[in-house]
Number of protein chains: 2
Amino acid sequence: MPSIQSLMRDKAALSVDLSAVIMAATPDEPRVLTVRAVPQQLDGLPSGPLQSQHRTLEMGLRAWVDQQTELKLGYVEQLYTFGDRDRADTDYRGAGHALSIAYLALVREARLAGLAQAAWRSWYDYLPWEDWREGRPKALDVIAPALKAWVRAGGRPLRQFREERIELTFGLESGTWTDERVLERYELLFEAGLVPEALRDAEPRTTAKARLAPGQPMALDHRRMLATAIGRLRGKIKYRPVIFELMPSAFTLLELQRTVEALSGVRLHKQNFRRLVETQGLVEETGDTTTETGGRPARLVQFRREVLVERPAPGLRLPGARRTDL
Amino acid sequence: MPSIQSLMRDKAALSVDLSAVIMAATPDEPRVLTVRAVPQQLDGLPSGPLQSQHRTLEMGLRAWVDQQTELKLGYVEQLYTFGDRDRADTDYRGAGHALSIAYLALVREARLAGLAQAAWRSWYDYLPWEDWREGRPKALDVIAPALKAWVRAGGRPLRQFREERIELTFGLESGTWTDERVLERYELLFEAGLVPEALRDAEPRTTAKARLAPGQPMALDHRRMLATAIGRLRGKIKYRPVIFELMPSAFTLLELQRTVEALSGVRLHKQNFRRLVETQGLVEETGDTTTETGGRPARLVQFRREVLVERPAPGLRLPGARRTDL
DNA sequence: TTGGCTTATACTCAATTTTAGCATAAGCAG
DNA sequence: CTGCTTATGCTAAAATTGAGTATAAGCCAA
């Protein structure tokens with residue numbers, strides 16, 4: 001029955017890439033490493049073909065990153081395998097599957113010596129509607145009406161369905177923004193034809209002349225990968241201490257908070273945030289303080305590794321995510 | 001730099017399978033669909049090669065399941081791509097990559113007409129240490145001492161590391177069982193050489209004559225896939241109403257609770273469970289009752305689809321997971 | 001050297017949620 | 001009608017969360 005060992009009959013039509021969403025962060029901005037892909041003049045994620053000398057997929061990815069950059073990958077996890085036959089890659093269109101196994105990697109330092117065309121970019125250059133730190137992002141002024149138009153463009157039965165989906169992902173009416181639903185939001189914009197990638201893939205149609213959502217597109221389906229990675233990371237910081245993979249060895253509580261805010265895209269209540277971090281036992285004092293913060297000197301703290309064993313799900317449940325909206 | 005379009009130089013050494021972890025559940029037992037793989041006399045997961053006519057990976061999986069079974073897949077999500085070069089598949093050992101893209105699928109009914117060698121099996125036939133519903137599983141009587149021996153077998157620096165990992169995953173000392181860490185536990189047992197798959201892969205070594213952990217092995221790395229799927233599902237029911245993909249259209253609150261318990265492997269506090277379900281607005285009354293439960297007739301309820309729009313993360317946060325241990 | 005500005009940190013209080021029960025209801029079997 | 005079973009309602013105490021107030025400790029400029 002399941003012929004597990006049967007070989008592909010269509011080998012020629014198959015390729016497998018490893019793609020890396022490599023992230024770093026400062027208290028001000030969450031970053032992703034992108035390279036400028038010449039063919040389309042678009043930014044893309046670093047990626048390379050899976051090769052037979054790679055013993056495992058993750059080792060393949062690490063080897064590739066090692067070879068191409070000087071970054072030391074800390075945390076690495078597999079994200080998702082993208083493999084629709086019609087991925088937006090002209091070389092493969094219709095010919096068969098171009099699989100891409102995407103990984104999420106976190107790095108602490110942001111040095112880029114030796115990386116010619118690579119650059120650290122803010123997440124929000126590509127997905128500006130995801131940043132609510134300064135209140136409702138302006139990108140929504142374009143997106144909201146365009147989505148409404150998309151609802152109206154649908155047939156009777158479609159409308160309610162689309163409306164609900166918009167509400168579920170963007171929460172425009174009820175004001176319930178769910179920071180993790182990054183991919184769902186991107187996919188909605190994609191389906192609504194509000195990102196150029198969607199038009200690129202589709203038959204050239206003049207139907208939708210909707211204004212596009214702000215935000216820079218990326219090569220192939222790399223923006224989808226980025227959205228997947230951001231959503232995953234935003235979810236993960238809530239129950240695993242991965243945030244510390246992005247922090248320097250010593251930092252102040254406010255720096256930690258700002259970094260979390262940068263990633264999650266929302267502002268937090270300061271006092272409650274500190275209380276959470278401390279009652280969870282996530283950090284311990286180094287003994288030093290710093291005056292670089294402006295006001296009263298702040299204690300420097302570091303990640304307390306022991307929590308891993310103590311608590312079942314140590315993370316930052318984002319207390320008091322302040323509704324900065326409206 | 002990232003030569004995205006470069007073809008694999010070693011095509012011959014590459015194959016891609018789609019594997020399905022298809023799950024169903026009753027209030028008594030969580031089930032997985034397995035097929036008997038003849039070559040090794042072991043149970044395995046249904047799987048089949050990715051073919052070029054499949055437009056998307058998920059469609060490939062669905063097509064394959066459609067063709068081979070009469071099951072109607074409800075919820076489907078991609079789980080993980082397994083692709084170590086030395087996957088426990090003798091046909092590919094050393095030759096190159098045998099990728100397997102595993103999917104998790106949930107089905108409501110458990111009819112199996114037409115599936116010859118397929119059968120619904122309890123999860124816990126394969127991973128018996130994961131079932132704490134009747135208290136501490138007996139499997140741990142074998143596993144705990146074997147793990148201790150493994151700690152002792154390690155060199156000085158290794159010991160503490162191993163000890164912490166055991167504590168983190170199994171929580172034997174502190175009694176902190178974390179239901180989702182299914183994969184981490186399986187991988188630990190694998191590394192400790194307590195599952196036959198590990199020995200199968202390794203050079204035949206006579207070193208570890210440790211007793212194996214109870215639980216039936218599976219073909220290839222299918223038990224790892226199962227563990228991945230269980231962990232994912234256990235996590236997911238806590239913040240998404242996926243449990244209802246496994247329930248009949250109408251059910252009692254106790255049936256719902258028992259099903260959740262079957263999946264999560266722990267017992268819950270009855271009154272608090274109902275309160276949670278009701279305050280979350282996850283269900284609504286159908287108006288009917290059933291006397292089939294033995295005592296006082298129970299109201300029949302059904303999933304309330306509206307919660308999807310109302311609540312950001314509707315799920316069963318497993319209130320009062322009673323420590324049935326010791 | 002002092003007042004004003006900044007950020008840090010300590011505490012408080014009310015509202016909400018969770019934990020762990022007790023108590024009562026409503027069928028069925030004998 | 002009694003006792004058994006499961007269903008369902010309700011509650012008191014504990015813990016957590018949300019939203020502040022108050023105070024501390026630097027720096028800077030008048």
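No experiment lies behind these values; they were computed from the predicted model shown.
Rounded to whole angstrom, the span from the CG atom of A:L300 across to the C1' atom of C:dA8 amounts to 12 Å. One interatomic measurement links the two molecules: CZ of B:R274 to C1' of C:dG21, which rounds to 15 Å at whole-angstrom precision. In this structure, CG of B:L254 is placed 21 Å from P of C:dA25, rounded to the nearest angstrom. A:Q280 has its CD atom 13 Å from the C1' atom of D:dT17, to the nearest Å. In this structure, A:R267 places its CZ atom 18 Å from P of D:dG18, rounding to the nearest Å. In this structure, CG of A:L253 is placed 20 Å from P of D:dA24, rounded to the nearest angstrom. Atom CZ of A:F273 is separated from atom P of C:dA8 by 12 Å (rounded to the nearest Å). If you measure from atom CG of A:N272 to atom C1' of C:dA14, you get 13 Å, rounded to the nearest angstrom.
Here the side chain of A:H269 is nearest to one of D:dT6, D:dA19, C:dA8, namely D:dA19. Of all nucleotides listed (C:dA20, D:dA19, D:dT8), D:dT8 comes nearest to the side chain of B:K270. Minimum atom distance to the side chain of A:P297 is reached by D:dA25, of the listed D:dG9, C:dT7, D:dA25.
Each of B:L263, B:I230, B:L33 was evaluated against B:M23; a single residue qualifies, B:I230, per the side-chain contact (heavy atoms from CB on, under 4.5 Å) test.
Residue whose closest nucleotide on DNA chain C sits further toward the 5' end, between A:G295 and A:Q271: A:G295. Between A:E278 and A:G294, the one whose closest nucleotide on DNA chain C sits nearer the 5' end is A:G294.
In this structure, B:W123 and B:E130 have side chains that are not in contact, with every pair of non-hydrogen atoms separated by 4.5 Å or more. Residues A:E77 and A:R232 meet the side-chain proximity criterion, which asks for heavy atoms closer than 4.5 Å.
Geometrically, B:R136 does not engage B:W129 in a cation-pi contact defined by less than 6.0 Å to the ring centre and at most 45° from the axis.
Within 4.0 Å (heavy atoms only), A:R275 reaches at least one base atom of the nucleic acid.
At a threshold of 4.0 Å, the pair A:K238-A:D179 counts as salt-bridged, since one of the basic side-chain nitrogens sits closer than that to a carboxylate oxygen.
For D:dC27, neither phosphate oxygen OP1 nor OP2 lies less than 4.0 angstrom from any side-chain nitrogen or oxygen of A:R296.
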